[in-house]
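Take a look at the structure set out below.
Chain naming here is simple, since letters A, B, ... match the order of the sequence lines and numbering starts at 1 in each. What you see is a predicted model; the values in this text were computed from it and never measured.
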Protein chains: 2
Amino acid sequence: MHQALEGIKVLDLTRVLAGPYATMIMADLGADVIKIEMPKTGDDSREFGPFVGEESAYFMSLNRNKRSMTLNLKSEPAKELFLEMVKEADVVVENFRPGTMEKLGLGYEDLKKINPRIIYAASSGFGHTGPYSNRAAYDGVVQAMGGIMSITGELGGKPTRVGPSIGDIAAGMFAAIGILAALQYRNQSGIGQKVDVAMLDCQVAILENAISRYVVTGDVPKPAGNKHSSIVPFEPFDTSDGEIMIAAGNDALWLKFCQAMGKEELAEDASFKTNALRNNNYNALRPKIAEVIERKTTAQWQEILDRAGVPNGPINTVDKVIEDPQVIAREMIVEVDHPVAGKLKMPGVPIKLSETPGSIRRPAPLLGQHTDEILKEILNLSGEKIEELKNQNIF
Amino acid sequence: MHQALEGIKVLDLTRVLAGPYATMIMADLGADVIKIEMPKTGDDSREFGPFVGEESAYFMSLNRNKRSMTLNLKSEPAKELFLEMVKEADVVVENFRPGTMEKLGLGYEDLKKINPRIIYAASSGFGHTGPYSNRAAYDGVVQAMGGIMSITGELGGKPTRVGPSIGDIAAGMFAAIGILAALQYRNQSGIGQKVDVAMLDCQVAILENAISRYVVTGDVPKPAGNKHSSIVPFEPFDTSDGEIMIAAGNDALWLKFCQAMGKEELAEDASFKTNALRNNNYNALRPKIAEVIERKTTAQWQEILDRAGVPNGPINTVDKVIEDPQVIAREMIVEVDHPVAGKLKMPGVPIKLSETPGSIRRPAPLLGQHTDEILKEILNLSGEKIEELKNQNIF
């Protein structure tokens, strides 16, 4: 079976999250991702819990499908070796603070000289230009500065951080898009380029309609809780054993929903006929729905509403997500067998390609597991030469 | 100036958010996106407020760089016309409920027959396979079912919806990645394929470490508020006029932070020397930091902490985001001049490419604005032939 990104060789200098997420997407789709790690320590996230035996589950779930070699890029012979590898590579990805690669003599301008076809992707907190460029950022900082926290949270409540590190993840996804777009251009032109992705920029890019709402109305968007800002009913309701999200997104669904509740009189009620009326009379309507929904369990309502064709869903905790029949049918939870840690469940590949399906072909690597293999394969080094390099303490 | 995706012709049948977000990414990078809309009504989001004059700001901020033609795909002559266009296109994108395109005789299998190179991308709530495939979903439903709500919210509080429609946006981003990966494969093989992206799958893919935490420890992750789960201090603190996010991510930063606060004694305190100790003694430590931070304004602390090199940031509301010097320097807020609505601010292009920078070359189209132009350009139809088709009421 072919893979979409087969034959694309990626030198991956990234650590922790944004960068490794980008290269995981590429590896899942078939790219040959060579993770280059500092000798002895490696990717910081190898130390992040929880652990299975000595192996970090955090690291393992972000680094499947990659190979690992160690290389101390601060030493001269290691830099030479890296530059030789750049000649054979398609993509270099890093998520250091801007300037770090330049100080090592390994910035884009340096690499481009020896391989003009190279695509150089950099993910950083604030990007490689602008007044904050040199500052470090963490996910929490860009979630705060980028506005997403200010519109997430309970109605009338405080700004709230998004649970997953969406500051990193969005940057990883946009970096992957940038690399693939640059590959498309290189296929036409033969020319590589630099892809500069900032976590803060990506937060602005995913703010959705909050910006247009503000610039048009002048009202500063605030946390809005779980209710849709303009559609009713479109929010969670308490059931007898939990909650259920109900999204009757238009008047036809409202009718179906009333029938499913056995409350035809609500559908007949002139105060609630249209979405505009349901919005205006929300305070009168909500309790009427709530008193019906709280009489049955979430599972009972799911069945009733699914049968009626009313969009709905339970508010799943993670244990429920990984057992959901649709999630399982779509192979969105996969079990990967690691030689040391054993079997570990992790998210599958969300991009389903008919001709070149993504796949998990190998578990996350041990630190430096493939150093010899990669040196032989890419640089055609002899075992003797490799031993000689090992004596220089660069691996 | 060249564009990365120049020459890629996209027939875009999508509405509202996930699909239009995917094609906006492609259009921003240079693809020729032809938005095909239902005559008279068009994309549903043309009716979503807020409006500038008669134009939807929501629609305008998601559809810049695209051209619009109308076509009633339920009529036979329109289908024929569409199939002729598919012969000349690289990509078709739709976000209908699964089965809709097949019923029209325009499913992937139909299109592939007339153009085996076509890349067909479908974004849907639950995907084109699996037991929930035929169900409709909205952003709120997949945020609920996919687990992200269960880990977002105040500590000890209720599951909370992420403010922006991350259910749609993540699907749009993964769809764009899938299309670009399929293009890379087609460049090698000459073969197109189907890209099937489900909003629910994408939610699972962005859960980050919540899944590994659960499968390893058995503890079901819950809303954790704004505090980092294992690093201290790494959360917002109240200032005299608001809040500031402070992220002292390691022991060296802790030392710098104590100095910046003028609280060297905290750095000396044996109870707080290491991150592990700061975690264990969190309840004793937090008030000591809080009482210092609340004495100055957010802006004062920003200046002090930036000078000290301690990652920090204000919790910006949208009005502050769009005035942030870094956001402005990175051109992440752009002003697009619309022929009817005038100037409108919207997010810029977050992928900064050195050789082929993305750009906003045209405002969002009026409904059917480019119908004639596209028919002439792609199908080489005469004005006479176009008039004839117009009489069939297909546009």
Side-chain angles (χ1 to χ4, degrees), chain A residues 4 29 50 57-58 61 130-132 136 138 140-141 144-145 147 150-152 159 161-164 169 173-174 178 180-181 185 187 193-194 196 201-202 204-206 208-210 212 214-216 220 226 245 247 311 313 315 317-319 321 325-326 329-330 332 345 347 350-352 354-355, chain B residues 4 29 50 57-58 61 130-132 136 138 140-141 144-145 147 150-152 159 161-164 169 173-174 178 180-181 185 187 193-194 196 201-202 204-206 208-210 212 214-216 220 226 245 247 311 313 315 317-319 321 325-326 329-330 332 345 347 350-352 354-355:
Chain A
L29 297 176
Y58 186 102
S61 64
Y132 308 166
Y138 287 95
V141 172
M145 294 177 74
S150 79
I151 58 171
T152 299
R161 185 179 170 276
V162 176
I169 288 170
M173 291 173 76
F174 276 119
L180 292 172
Y185 180 67
N187 285 329
Q193 59 184 312
K194 180 172 173 179
D196 168 17
D201 292 356
C202 296
V204 177
I206 65 170
E208 202 211 343
N209 64 4
S212 59
Y214 169 68
V215 298
V216 172
V220 177
N226 293 337
M245 175 70 83
I315 302 182
T317 43
V318 172
D319 52 326
V321 173
Q326 183 71 7
R330 298 279 292 177
M332 279 312 297
K345 283 184 180 167
I351 299 165
K352 307 296 183 191
S354 63
E355 283 292 313
Chain B
L29 298 176
Y58 186 103
S61 63
Y132 307 166
Y138 287 95
V141 172
M145 294 177 73
S150 78
I151 57 172
T152 299
R161 186 180 170 276
V162 176
I169 288 170
M173 291 173 76
F174 277 119
L180 293 172
Y185 181 68
N187 285 329
Q193 60 183 310
K194 180 172 172 178
D196 168 16
D201 292 356
C202 296
V204 177
I206 65 169
E208 202 211 344
N209 64 5
S212 59
Y214 168 68
V215 297
V216 172
V220 176
N226 292 338
M245 175 70 83
I315 302 182
T317 44
V318 172
D319 52 326
V321 173
Q326 183 70 7
R330 298 279 292 177
M332 280 311 297
K345 284 185 180 164
I351 299 165
K352 307 296 184 191
S354 63
E355 282 292 313

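- Atom CE of residue B:Met145 and atom CE of residue A:Met245 lie 11.0 Å apart, to the nearest 0.5 angstrom.
- No side-chain heavy atom of B:Lys345 sits under 4.5 Å from any side-chain heavy atom of A:Tyr214.
- Chosen from B:Ala329, B:Ala57, B:Gly130, B:Pro131, the residue pairing most often with chain A at heavy-atom distances under 4.5 Å is B:Pro131.
- Interface remark: B:Ile206 contributes backbone and side-chain atoms alike to the contact with chain A (heavy atom separation under 4.5 Å).
- Using a 4.5 Å cut-off between heavy atoms, A:Phe174 touches chain B through backbone and side chain atoms alike.
- Annotation: maximal heavy-atom pairing with chain A below 4.5 Å, among B:Asp201, B:Ile351, B:Val321, B:Ile315, occurs at B:Asp201.
- Put simply, of A:Pro311, A:Gly178, A:Ala144, the one with the most heavy-atom pairs under 4.5 Å next to chain B is A:Ala144.
- Both the backbone and the side chain of B:Val141 have a heavy atom closer than 4.5 Å to some heavy atom of chain A.
- Pairing each heavy atom of B:Val318 with each of A:Val220, the nearest pair is N-CG1, 4.3 Å.
- For chain A, the nearby parts of B:Val204 are the backbone and the side chain; heavy atoms of each come within less than 4.5 Å.
- In this structure, the portions of B:Asn226 lying under 4.5 Å from any heavy atom of chain A include both its backbone and its side chain.
- For chain B, the option among A:Ala210, A:Ala181, A:Cys202 with the highest count of heavy-atom pairs below 4.5 Å is A:Ala181.
- Between A:Asp196 and B:Arg330 the shortest side-chain heavy-atom distance falls below 4.5 Å.
- Residues B:Glu208 and A:Tyr58 have side chains in contact (heavy-atom distance under 4.5 Å, counting atoms from C-beta outward).
- Listed options B:Ala4, B:Pro347, B:Pro325 were ranked by heavy-atom pairs under 4.5 angstrom with chain A; first place goes to B:Ala4.
- Looking at A:Gln193, its side chain does come within 3.5 Å of a backbone N or O of B:Glu355 through a donor-acceptor pair.
- Looking at B:Asn209, its side chain never comes within 3.5 Å of a backbone N or O of A:Pro50 through a donor-acceptor pair.
- Under the 4.5 Å side-chain criterion, counting only non-hydrogen atoms from C-beta, B:Thr152 is not in contact with A:Arg161.
- In this structure, chain B has a heavy atom under 4.5 Å from the side chain of A:Ser61, while its backbone stays farther away.
- For chain A, the nearby part of B:Val215 is the side chain; its heavy atoms alone come within less than 4.5 Å.
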